[in-house]
Amino acid sequence: MNTSFEEIYEIFFDKIAKDEDFFSYEELLDSEAMDIAYQRAEALLKSAIARLTNYCVPEVDFYDFDINTKQFNFQCTEIEKDLISELMKEELLNQDEMRLKVVHGYFNTKDLKTFSPAKERETFVNMLKTIHDRNNTKIESYIAKDRKTGRYKTLNFDYEE
């Protein structure tokens with residue numbers, strides 16, 4: 001049985017349910033807004049796969065998917081679905097951080113002293129770092145275990161000639 005992208009999107013959408021900007025756009029019907037949300041989710045999914053495969057070598061090839069049917073050609077475990085959705089969430093927040101940097105560029109030093117968003121930005125950046133570190137720990141845990149059994153992998157020191 002293959003895993004559809006939709007299964008991962010639903011987990012991801014649950015994680016960001018309070019982010020109204022992701023799901024609604026002015027002057028668009030709800031169905032049109034959801035089409036955009038799914039397109040954005042697909043881009044985030046691909047970014048999450050890139051992050052995961054750049055960090056480690058999973059037991060399965062996460063690039064083994066059919067883009068037309070939008071499904072992996074294998075069954076993802078629940079841990080894999082959750083991990084990918086967490087990486088998608090982090091990527092979304094990284095995009096928000098980029099927006100903060102752009103907004104910061106619009107203000108001069110006097111404006112920033114008057115309307116200082118520095119504390120909020122610092123809090124956001126710290127939160128993003130915490131999420132990044134937590135995701136790295138999840139990736140390390142994931143790669144250290146057999147994907148099907150969840151048992152830690154062991155090294156075989158038996159040497160045969």
Side-chain angles (χ1 to χ4, degrees), residues 1-24 33-102 104 117-161:
M1 181 180 219
N2 298 338
T3 299
S4 70
F5 291 0
E6 174 93 19
E7 291 177 56
I8 296 171
Y9 297 163
E10 292 304 318
I11 296 167
F12 169 68
F13 290 159
D14 285 346
K15 291 176 187 288
I16 64 161
K18 294 187 189 269
D19 184 356
E20 295 175 10
D21 292 338
F22 190 87
F23 298 102
S24 64
M34 280 309 293
D35 287 344
I36 292 171
Y38 278 101
Q39 290 171 11
R40 291 181 67 196
E42 183 175 324
L44 293 168
L45 175 81
K46 290 175 183 175
S47 292
I49 291 169
R51 164 90 186 284
L52 178 62
T53 56
N54 283 332
Y55 195 92
C56 67
V57 180
E59 292 176 33
V60 293
D61 179 4
F62 282 96
Y63 287 104
D64 182 15
F65 58 77
D66 184 330
I67 199 62
N68 295 320
T69 61
K70 299 199 183 315
Q71 65 181 4
F72 291 100
N73 295 319
F74 59 90
Q75 180 65 41
C76 291
T77 66
E78 294 304 314
I79 289 172
E80 290 166 339
K81 292 175 194 176
D82 183 67
L83 177 58
I84 292 170
S85 69
E86 284 292 336
L87 293 172
M88 290 169 67
K89 179 178 155 188
E90 181 183 342
E91 181 59 29
L92 179 64
L93 292 172
N94 282 333
Q95 292 173 3
D96 287 343
E97 182 185 27
M98 291 298 114
R99 283 188 207 99
L100 282 175
K101 287 181 180 180
V102 169
H104 190 274
K119 190 66 175 165
E120 290 81 4
R121 185 181 187 295
E122 179 182 345
T123 301
F124 180 83
V125 169
N126 288 339
M127 177 196 67
L128 188 54
K129 182 182 179 342
T130 300
I131 290 170
H132 178 78
D133 292 346
R134 186 181 69 215
N135 283 343
N136 283 350
T137 300
K138 285 182 176 190
I139 292 171
E140 289 167 5
S141 175
Y142 165 71
I143 202 64
K145 297 176 185 175
D146 178 271
R147 69 180 290 270
K148 298 237 182 206
T149 66
R151 291 192 174 124
Y152 282 100
K153 296 175 185 175
T154 58
L155 297 176
N156 184 357
F157 292 105
D158 293 338
Y159 177 76
E160 293 180 27
E161 286 189 36

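When a residue number appears, it is its place in the shown sequence, counting from 1.
- Here Tyr38 pairs with Tyr9, Phe13 under the ring-ring contact (aromatic ring centres under 6.0 Å, His included) rule; sequence neighbours left out.
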Evaluate the criterion side-chain contact (heavy atoms from CB on, under 4.5 Å) for residue pair Leu128 and Asp96; output intermediate values, then yes/no.
CA-CA 10 Å; Leu128 188 54; Asp96 287 343; over 6 Å; no

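- The two residues Tyr63 and Ala50 have their closest heavy-atom pair at OH-CA, 3.3 Å.
- Residue pairs meeting the salt bridge (Lys or Arg N to Asp or Glu O under 4.0 Å) criterion with at least one partner in residues 2-13, sequence neighbours excluded, are Glu7-Lys81.
- Lys15 and Asp82 are joined by a salt bridge, as a carboxylate oxygen and a charged side-chain nitrogen come within less than 4.0 angstrom of each other.
- Partners of Glu90 by salt bridge (Lys or Arg N to Asp or Glu O under 4.0 Å), not counting sequence neighbours, listed by chain and number: Arg51.
- Within a 6.0 Å sphere centred on CD1 of Ile79, heavy atoms belonging to other residues, nucleotides or ligands number 12 at most.
- Looking at residues two or more places apart in sequence or on another chain, you find a salt bridge (Lys or Arg N to Asp or Glu O under 4.0 Å) between Lys153 and Glu59.
- Closest approach of Arg147 to Cys76, counting heavy atoms only: NH2-CA, 3.9 Å.
- Side-chain contact check for Ile84 versus Ile11: every heavy-atom pair is 4.5 Å or farther apart.
- The two residues Ser4 and Gln71 come nearest to each other via the heavy atoms CA-CB, 3.7 Å.
- Shown here are the ring-ring contact (aromatic ring centres under 6.0 Å, His included) partners of Tyr142, two or more places apart in sequence or in another chain: there are none.
- For Lys46, the side chain to side chain donor-acceptor pair (under 3.5 Å) partners are Glu42, not counting sequence neighbours.
- Partners of Lys129 according to the side chain to side chain donor-acceptor pair (under 3.5 Å) rule, which considers only residues two or more places apart in sequence or in another chain, are Asp133.
- Residues Leu92 and Gln95 meet the side-chain proximity criterion, which asks for heavy atoms closer than 4.5 Å.
- Among residues two or more places apart in sequence or in another chain, the side chain to side chain contact (heavy atoms under 4.5 Å, CB included) test is passed with Lys145 by Ser141, Tyr152.
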Tell me, with the steps shown, if Asn94 and His132 meet side-chain contact (heavy atoms from CB on, under 4.5 Å).
CA-CA 10 Å; Asn94 282 333; His132 178 78; 5.9 Å; no

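- Among residues two or more places apart in sequence or in another chain, the side chain to side chain contact (heavy atoms under 4.5 Å, CB included) test is passed with Asp35 by none.
- Rounded to the nearest 0.5 Å, atoms CD1 (Ile131) and CG (Leu87) are 11.0 Å apart.
- Residues Phe74 and Phe65 keep their aromatic ring centres 6.0 Å or farther apart.
- Between Phe72 and the choices Val60, Asp64, Ile8, the side-chain contact (heavy atoms from CB on, under 4.5 Å) rule is met once, by Ile8.
- To the nearest 0.5 angstrom, Leu52 atom CG is 5.5 Å from Leu83 atom CG.
- At a threshold of 4.5 Å between non-hydrogen side-chain atoms, the residues Asn2 and Thr69 do not count as touching.
- Looking only at side-chain heavy atoms (C-beta outward), Phe62 and Leu45 stay at 4.5 Å or farther from each other.
- Here Thr137 pairs with nothing under the side chain to side chain donor-acceptor pair (under 3.5 Å) rule; sequence neighbours left out.
- Residues forming a ring-ring contact (aromatic ring centres under 6.0 Å, His included) with Tyr55 (at least two apart in sequence, or on another chain): none.
- Residues forming a side chain to side chain donor-acceptor pair (under 3.5 Å) with Thr77 (at least two apart in sequence, or on another chain): Glu80.
- Test Glu91, Lys89, Gln39 against Leu44 for side-chain contact (heavy atoms from CB on, under 4.5 Å) and you get one pass: Glu91.
- Residues Ser24 and Ala33 share a closest heavy-atom pair of CA-CB, 4.2 Å.
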